[in-house]
Number of protein chains: 2
Amino acid sequence: MRKRHVVLDDIDRRILAALQADGRTTIQALAERVGLTTSPCLRRVRLLEEAGVIRGYVAVVDQAAVDLPVSVFISIKLERQREEELDRFAATVSRWPEVMECYLMTGQRDYLMRVVCADLPAYERFLKEKLTRLDGVASIESSFALEQVKHTHVLPLR
Amino acid sequence: MRKRHVVLDDIDRRILAALQADGRTTIQALAERVGLTTSPCLRRVRLLEEAGVIRGYVAVVDQAAVDLPVSVFISIKLERQREEELDRFAATVSRWPEVMECYLMTGQRDYLMRVVCADLPAYERFLKEKLTRLDGVASIESSFALEQVKHTHVLPLR
DNA sequence: CATGAAACATACCTCTA
DNA sequence: TAGAGGTATGTTTCATG
């Protein structure tokens, strides 16, 4: 899982595009699609995996179908922005399973995160039992997503 | 791909958890892990797929490794909020590959989206050539992610 | 290209709510 | 007795060296 910077050529990008669309394509089908035979195709896939370009293969589960229809975006400002405080905050929220994404933002140097939950009471529980119990949080601002217009994992290669 | 509401039991949830961690587990390993034999395990997986609970299987590609290190969150307010305008906006941005996520938000009824790009110039191109060319956009506000603290696809089942 | 492993399709039995 | 799991078997397809 090296993170050394890998130079990708056109075939690599086509492999990645195909695997982003279907993570279960067989090497044979993949090879055919990108214009290789199976051996070099498999070799490339393994290299991409080892280099960390492919981080893994996952099943995409429908949020609503597992009764987690609510996405909340939360903006959080910390009282102090010392490195140590930021790291501690980041480590803590990373451990919470409700947090799907969390970013350190420019500007006010605050965090933006997306939290999923079953309903409003569940969200309130998350707030009361977790977020508001953290030290050093200056402000919390929540906005609710009414509708998921788009949600993809497919990166625009090139 | 029915969206009829499916009732999931404990075994289903464990199957989903396992497949969210590794979308390529063999049915055998999966069956062993959830305490079934392969036949009923495979049956359940197929049902979950057909019911749309499992939307698909994908390779997770590292954003930075494919030279798309920048995530930008964009808040967009529309001039009018008629159904028709909202739909047209949603349909258009859904087609742009740079847009990874887009949500219709409560409150001001505006949109929040995450766009990925290679660098600032690329983002400016996206703004100039796409976003600002749309009709009916009242305001655009961008915030940049400095750092991805967490990004997961694993939903907190139960 | 050959080989072993896994997926897949089936058919049939068992148990129980 | 319908529904879910288990057993068994044969075929096909794939990964891999």
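Basis for what follows: all heavy atoms, side chains included, without hydrogens, waters or symmetry-related copies.
- Every residue meeting the side-chain hydrogen bond (donor to acceptor under 3.5 Å, both in side chains) condition with Arg80(B), not counting sequence neighbours, appears here in chain and number order: Glu85(B).
- Under the rule for a side chain to side chain contact (heavy atoms under 4.5 Å, CB included), the partners of Leu48(A) that lie at least two apart in sequence or sit in another chain are Leu8(A), Asp12(A), Ile15(A), Leu16(A), Val53(A), Ile54(A).
- Leu30(B) has its CG atom 15 Å from the C1' atom of dC8(C), to the nearest Å.
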Would you tabulate the nitrogen or oxygen pairs shorter than 3.5 Å linking the protein to nucleotides 14-17 of chain C?
none

Dump the intermediate steps for side chain to side chain contact (heavy atoms under 4.5 Å, CB included) on Val137(A) and Leu78(A), then the final yes or no. CA-CA 4 Å; Val137(A) 172; Leu78(A) 299 187; 4.2 Å; yes
Would you tabulate the side-chain donor-acceptor contacts of residues 113-123 of chain B under 3.5 Å, counting partners in other chains and residues two or more places apart, or write 'none'?
unit_1    : atom_1 : unit_2    : atom_2 : d
Arg114(B) : NE     : Tyr103(A) : OH     : 3.3
Arg114(B) : NE     : Glu101(B) : OE2    : 2.8
Arg114(B) : NH1    : Gln63(B)  : OE1    : 3.3
Arg114(B) : NH1    : Ser71(B)  : OG     : 3.2
Arg114(B) : NH2    : Glu101(B) : OE2    : 3.2
Asp119(B) : OD1    : Ala122(B) : N      : 3.0
Tyr123(B) : OH     : Ser142(B) : OG     : 2.5

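- Among residues two or more places apart in sequence or in another chain, the side chain to side chain contact (heavy atoms under 4.5 Å, CB included) test is passed with Asp10(A) by Arg13(A), Arg14(A).
- Identified under the ring pair (Phe, Tyr, Trp, His ring centres under 6.0 Å) test for residues 39-70 of chain B, with sequence neighbours left out: none.
- Checked against side chain to side chain contact (heavy atoms under 4.5 Å, CB included), Pro97(B) has the following partners two or more places apart in sequence or in another chain: Pro156(A), Lys130(B).
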Nucleotides 5-17 of chain D: protein proximity per nucleotide (B base, S sugar-phosphate only, - neither; heavy atom, under 4.0 Å): BBBB-----SSS-
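- Rounded to 10 degrees, the angle separating the terminal axes of the helix from dC1(C)-dG17(D) to dA17(C)-dT1(D) is 30°, with each axis obtained from five end pairs.
- For the side chain to side chain contact (heavy atoms under 4.5 Å, CB included) test, no residue two or more places apart in sequence or in another chain qualifies with Ala21(B).
- Within the structure, ring pair (Phe, Tyr, Trp, His ring centres under 6.0 Å) pairs that include any residue of residues 22-48 of chain A do not occur (at least two apart or interchain).
- For residues 18-40 of chain B, there are no side-chain hydrogen bond (donor to acceptor under 3.5 Å, both in side chains) pairs, not counting sequence neighbours.
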